[in-house]
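The residues of the chain are indexed from 1 along the displayed sequence.
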Amino acid sequence: MNLQHVFVCGNPALDFAATLRARRTARFEMFPSPDRLAAWYVESGIVDAVSPCREADVTAATTVREALYRLITARRLEEDYDDEALAVVNDAARVPPAVPQLTRSGRWTAATPQEALSTVARHAVELLSGPDVPLLKECGNPECTRTYLDRSRGMRRQWCGMESCGNKIKAAAYRARKRNSPAPATG
């Protein structure tokens with residue numbers, strides 16, 4: 001699997017929770033090193049620059065990510081929150097977040113890893129306590145464990161993204177139909 005970060009979930013907290021891919025099967029870690037965590041913060045758009053991350057920052061980020069995933073899943077399934085997961089996310093959200101600055105060329109947000117993580121945690125607090133909760137859905141690809149916001153017309157979206165999961169499922173279904181269809185009669 002590639003190390004390119006994907007942002008298809010509709011909220012930075014959901015995309016952050018999705019950085020452990022295929023949780024039920026292969027479990028692929030998107031933060032194998034501090035530089036990949038720093039890259040995620042920048043690529044996600046929550047900051048424009050982040051000071052170098054260390055292994056301790058990766059540990060903190062994956063701890064918050066797993067707590068986020070538990071809270072997101074509980075909210076999606078209309079279950080009670082896990083107290084430990086609540087404490088982890090709330091503790092991260094208490095740290096001052098990344099603060100944007102106005103420069104001559106526009107907005108610029110530089111942050112420490114802790115500030116960037118706090119920004120992610122605050123996105124989660126706003127999402128999980130806000131009006132978008134009914135839009136939470138899990139991807140229909142059995143190998144994918146991403147949760148996304150379904151803002152589609154009629155809430156009929158089935159996959160986190162067509163490119164990442166939808167095309168794979170549709171192609172597999174097409175191949176299965178072709179395999180199972182009777183051969184044309186020759187006369």
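A cation-pi contact, defined as under 6.0 Å to the ring centre and within 45° of the axis, links Arg23 to Tyr69.
Tracing side-chain contacts under 4.5 Å through hydrophobic residues (I, L, V, M, F, W, Y), one reaches Val125 starting from Ile72; they form part of the same cluster.
Residues Trp40 and Val50 have side chains not in contact (no heavy-atom distance under 4.5 Å, counting atoms from C-beta outward). At least one side-chain heavy atom of Ile46 sits less than 4.5 Å from a side-chain heavy atom of Val120. At a threshold of 4.5 Å between non-hydrogen side-chain atoms, the residues Asp57 and Gln114 count as touching. With a 4.5 Å cut-off on side-chain heavy atoms, Leu117 and Phe16 count as touching.
In Glu79, the CD atom is crowded: over 12 heavy atoms of neighbouring residues, nucleotides or ligands sit closer than 6.0 Å.
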Intermediate values then yes/no, salt bridge (Lys or Arg N to Asp or Glu O under 4.0 Å), Glu115 and Arg122:
CA-CA 10 Å; Glu115 292 167 336; Arg122 288 169 182 238; over 6 Å; no
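None of Arg146, Arg24, Arg75 except one satisfies the salt bridge (charged side-chain N to carboxylate O under 4.0 Å, His left out) rule with Glu138; the exception is Arg24. Of the residues listed (Val64, Leu68, Leu71), the one engaging Val88 in a side-chain contact (heavy atoms from CB on, under 4.5 Å) is Val64, and it is the only one. When each of Leu77, Leu128, Asn11, Thr73 is paired with Leu136, the side-chain contact (heavy atoms from CB on, under 4.5 Å) condition holds for Leu128 and for no other.
Scanning all heavy atoms of the two residues, the minimum distance from Leu135 to Met155 falls at CD2-SD, 3.7 Å.
Under the 3.5 Å distance criterion, the side-chain polar atoms of Thr19 are left unmatched by any main-chain donor or acceptor of Asp15.
Classified by interplanar angle (parallel below 30°, tilted 30° to 60°, perpendicular above 60°), the ring pair Phe31/His5 is tilted.
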